[in-house]
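Have a look at the structure below before the remarks.
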2 protein chains.
Amino acid sequence: MRDKEETRSKILEAVGKILEEEGFQGIGVNSVSRKAGVDKVLIYRYFGDLPGLLREFASSGDYWPSMHGLIENAERTPLPPESSDLALALLKGYIREIRNSPSAQELLLGELVSRNELSEVSAMKRERQGADLIEALVSAAPDAGKVDVAAMGALLSAGLTFLMLRARNSDAYLGIDISSEEGWERIERAMEELVKGVLDNGQ
Amino acid sequence: MRDKEETRSKILEAVGKILEEEGFQGIGVNSVSRKAGVDKVLIYRYFGDLPGLLREFASSGDYWPSMHGLIENAERTPLPPESSDLALALLKGYIREIRNSPSAQELLLGELVSRNELSEVSAMKRERQGADLIEALVSAAPDAGKVDVAAMGALLSAGLTFLMLRARNSDAYLGIDISSEEGWERIERAMEELVKGVLDNGQ
DNA sequence: AACCTAAGTCACCATCCGGTGACAGGAGGG
DNA sequence: CCCTCCTGTCACCGGATGGTGACTTAGGTT
């Protein structure tokens, strides 16, 4: 008590907790203050208003799985691989990261639903990391100069994202059982075929 | 006034209007009755409660673009094409349909965000139509026995759906300008390469 | 010890939500 | 003609929201 910094951090932590437990829709002045065990007036005192709180949470939080770790892991795979291997390693790593991070899923969903302070900042962060990812992918696929790697990456990662978000509320999508590991193995295999078909066509 | 059926239809129409104008989040007893110019108590009298209203709207509405028209159009394309042509025609038709139907976008988004009466029914409808679509695709791709057409269709259509939903609030995704026609042409071309690479690899 | 500022508490505001009960009035049947 | 049923109106409820003003209390300074 009587510790401004601790109170501030309790509030910021409460935002993260609510994001994981109830989703972005559950975030509000009342719910956050309740979760933090703190009077809501302190939110206004320390962060101005709710957008201010979200802005600060978004800019100083480690709620987003690090794509850089993803890239580094992928680059550390034994070389020389097929030119499609790096791409597939990246995409599979993406699946693993997001499926295991409920708060990342909430952020992605929040970006889809509405434009607010939180979604703005998280979208910017992700865009920047995504650009690095695409760059790594393009530079690592030497013979991929004639295909639009960025567009393909966008389309495939978007598909994976959609399916992961959808699996939260639904069991199936177009007949694929996205709630089971078998379903996801089908998705991954389909993705492999698609990527290999276009990147390793010379083989 | 004093016409139960007209009042009922006014209420149902108001649901559709709000869905298009404000999205699924804007739907509520108060907003619907306000939009319909009707007292909200009539909603409870005629539909029981809000879920009941949504159920009736979902089951008696033409808010969802007809996939059957999509399939028929695709099948009417000049044959014999590459085995990938039907698939691409279907996917491109899907893009056109959903991009031009704000209410369909809202439904898809609603299915992602929460499970309610409306999303349940619309999801069921779409799953059934999607199954037909996949079936048409599989039976029209003779040499596609060894690849998982359903999983690929799911992944690609999921990607398209995600990008279309995202374009509502955001301009870019992974560097692709999904708010412009140029960006969507890149997406379509990337999709073509992916599909042709895996379906026409024998050529 | 007196005091002042910052931290924390409490009560309250207007507004919206989904939902309900009581009542008015017109139309049709006896 | 009168009575009844049905459509529609209106006021209200409990609860939740975002937001504000006035208060108490603790910690450090002088």
Side-chain angles (χ1 to χ4, degrees), chain A residues 1-19 21-58 60 106 109-110 113-121, chain B residues 1-19 21-58 60 106 109-110 113-121:
Chain A
M1 309 226 183
R2 292 273 161 202
D3 187 332
K4 177 175 176 177
E5 280 312 311
E6 189 179 328
T7 301
R8 278 180 58 97
S9 64
K10 272 200 288 188
I11 294 173
L12 288 171
E13 285 170 19
V15 173
K17 282 185 199 167
I18 293 182
L19 197 63
E21 296 170 12
E22 305 176 43
F24 67 97
Q25 287 182 317
I27 295 182
V29 178
N30 294 293
S31 62
V32 169
S33 61
R34 211 178 300 131
K35 190 68 147 190
V38 150
D39 195 286
K40 64 177 172 179
V41 80
L42 300 177
I43 293 180
Y44 293 101
R45 274 228 263 275
Y46 297 153
F47 303 97
D49 50 7
L50 189 61
L53 170 59
L54 295 185
R55 218 175 299 130
E56 188 141 340
F57 171 79
S60 78
E106 286 301 329
L109 190 52
V113 170
S114 65
R115 212 169 192 149
N116 57 38
E117 313 298 325
L118 187 50
S119 65
E120 292 279 347
V121 180
Chain B
M1 309 218 181
R2 294 263 157 210
D3 187 333
K4 177 176 174 176
E5 280 311 312
E6 190 179 328
T7 300
R8 278 180 58 98
S9 63
K10 272 200 289 188
I11 293 173
L12 289 171
E13 286 169 19
V15 174
K17 282 185 200 168
I18 293 182
L19 197 62
E21 297 170 11
E22 305 176 45
F24 68 97
Q25 287 182 318
I27 294 181
V29 178
N30 295 293
S31 62
V32 169
S33 61
R34 211 178 301 131
K35 189 69 148 187
V38 150
D39 196 287
K40 66 176 171 179
V41 81
L42 301 177
I43 293 181
Y44 294 101
R45 274 227 263 277
Y46 297 152
F47 303 97
D49 50 6
L50 189 62
L53 170 59
L54 296 184
R55 219 176 296 128
E56 189 141 338
F57 172 80
S60 79
E106 286 300 328
L109 190 51
V113 171
S114 64
R115 215 169 192 148
N116 57 38
E117 313 298 325
L118 188 50
S119 65
E120 292 279 347
V121 178

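Note on naming: letters A, B, ... go to the chains in the order of the sequence lines (proteins, then strands), and numbering restarts at 1 for each one. Since the model is a prediction, treat every value here as computed from it, not as a measurement.
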Spatial distance of atom [atom1] ([X]) from atom [atom2] ([Y]) [nearest 0.5 Å]:
| X | Y | atom1 | atom2 | value |
| --- | --- | --- | --- | --- |
| B/L12 | B/K17 | CG | NZ | 12.0 Å |
| A/I11 | A/R8 | CD1 | CZ | 8.0 Å |
| B/L54 | B/E120 | CG | CD | 11.5 Å |
| B/N116 | B/L50 | CG | CG | 8.5 Å |

Does the side chain of [X] get closer than 4.0 angstrom to OP1 or OP2 of [N] through an N or O atom?
| X | N | answer |
| --- | --- | --- |
| A/T7 | C/dA7 | no |
| A/N30 | D/dG18 | yes |
| A/Y46 | C/dG8 | yes |
| A/R45 | C/dT9 | no |

Whole angstrom value for the distance that separates [atom2] of [N] from [atom1] of [X]:
| X | N | atom1 | atom2 | value |
| --- | --- | --- | --- | --- |
| B/I11 | D/dT7 | CD1 | P | 12 Å |
| A/D39 | D/dT24 | CG | P | 16 Å |
| B/L53 | C/dG19 | CG | P | 11 Å |
| B/N116 | C/dG18 | CG | C1' | 15 Å |
| A/I43 | D/dT20 | CD1 | C1' | 14 Å |
| B/F47 | C/dG19 | CZ | P | 14 Å |
| A/R8 | C/dA6 | CZ | C1' | 15 Å |
| B/L42 | D/dT7 | CG | P | 9 Å |

Which nucleotide wins on minimum distance to the side chain of [X], given the candidates [options]?
| X | options | result |
| --- | --- | --- |
| B/K40 | C/dG19, C/dA7, D/dG18 | C/dG19 |
| A/R34 | D/dT17, D/dG18, C/dG19 | D/dT17 |
| B/V41 | D/dG21, D/dC10, C/dG18 | D/dC10 |

Whichever of A/Y44 and B/K4 has its nearest DNA chain D nucleotide further upstream toward 5' |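 Going by which nucleotide is closer to the 5' end, it is B/K4.
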Just by modelled atom types, is the A/V41 backbone N or O under 3.5 Å from a matching donor or acceptor in the A/S33 side chain?
->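 Pair absent, no side-chain N/O of A/S33 close to backbone of A/V41.
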